[in-house]
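Only one structure is covered here, and it is reproduced in the block below.
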Amino acid sequence: MHADLLRALVIDAADLEPAPPWAPYRGTSTARIDSSRPCASRGQRARATRVIDVPGLGPRWLDTCHPHFLAATRLLPSRMLSTVEGIVADLREAAREAGADLTIVTDDGAAG
Ligand SMILES: [Zn+2]
């Protein structure tokens with residue numbers, strides 16, 4: 001998934017800086033892009049950053065200008081879906097183990 005994203009944005013994963021193995025606080029990301037870092041794709045000033053998991057390399061910072069942030073977001077929607085589906089599956093499993101009835105409601109309606 002992230003390999004496809006990097007290929008689409010013409011980014012060499014080896015050029016990306018290693019990121020911490022934990023999810024960075026929002027303030028960490030804000031401070032990172034306030035320091036005039038270039039976009040990983042084309043070298044314009046980065047306006048956003050996110051951590052991506054690169055197979056074989058681990059978590060890496062993906063600093064992007066606004067157009068490449070939007071492009072990356074468009075290329076990653078199924079990841080968000082799989083994350084939500086995974087959370088719902090975990091909740092269902094926990095409810096089943098606890099013998100509890102469970103109704104999950106998401107922003108776009110009941111997940112079941
Ligand atoms: Zn860019």
Side-chain angles (χ1 to χ4, degrees):
M1 172 63 69
H2 287 148
D4 293 340
L5 169 68
L6 296 176
R7 208 171 10 259
L9 298 181
V10 194
I11 295 171
D12 184 349
D15 292 339
L16 301 177
E17 281 185 44
W22 59 86
Y25 293 109
R26 185 180 181 87
T28 305
S29 299
T30 302
R32 181 174 176 79
I33 59 172
D34 281 350
S35 60
S36 303
R37 292 180 185 278
C39 171
S41 184
R42 290 290 187 276
Q44 292 179 322
R45 186 169 183 263
R47 300 288 182 183
T49 191
R50 69 179 84 203
V51 175
I52 62 170
D53 188 30
V54 179
L57 295 176
R60 298 284 160 147
W61 289 106
L62 179 60
D63 306 322
T64 49
C65 63
H66 190 66
H68 285 117
F69 169 79
L70 294 176
T73 301
R74 278 194 303 273
L75 292 167
L76 291 172
S78 61
R79 178 174 182 269
M80 291 296 289
L81 181 62
S82 66
T83 301
V84 171
E85 288 171 344
I87 291 168
V88 169
D90 287 349
L91 290 171
R92 283 194 176 122
E93 169 117 11
R96 192 169 33 250
E97 288 176 8
D101 288 332
L102 177 69
T103 300
I104 301 170
V105 179
T106 61
D107 286 347
D108 56 354

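Note that ligands are numbered from 1 as they come in the structure, with each ligand's atoms numbered from 1 the same way. Numbering of residues begins at 1 and proceeds along the displayed sequence.
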For this session: Give the cluster check for I11 versus L75: same hydrophobic cluster or not, with ILVMFWY residues linked at side-chain heavy-atom distances below 4.5 Å.
Result: yes
For this session: Kindly work out whether a path of hydrophobic side-chain contacts (I/L/V/M/F/W/Y, heavy atoms less than 4.5 Å apart) joins L5 to L57.
Result: yes
Seminar exercise, completed: For L16 and R60, the nearest pair of non-hydrogen atoms, with its separation, is O-NH1, 2.8 Å
For this session: Apply side-chain contact (heavy atoms from CB on, under 4.5 Å) to R32 and W61, showing your working.
Result: CA-CA 9 Å; R32 181 174 176 79; W61 289 106; 3.2 Å; yes
For this session: Calculate, to the nearest 0.5 Å, the distance between atoms CD and OG1 belonging to Q44 and T64 respectively.
Result: 11.0 Å
Exercise. In terms of hydrophobic clustering (I, L, V, M, F, W, Y; side-chain heavy atoms under 4.5 Å; direct or indirect links), are I33 and V51 co-clustered?
Worked result: no
For this session: Identify which protein N/O/S atoms are less than 2.8 Å from the Zn ion (ligand 1).
Result: C39 SG, C65 SG, H68 ND1
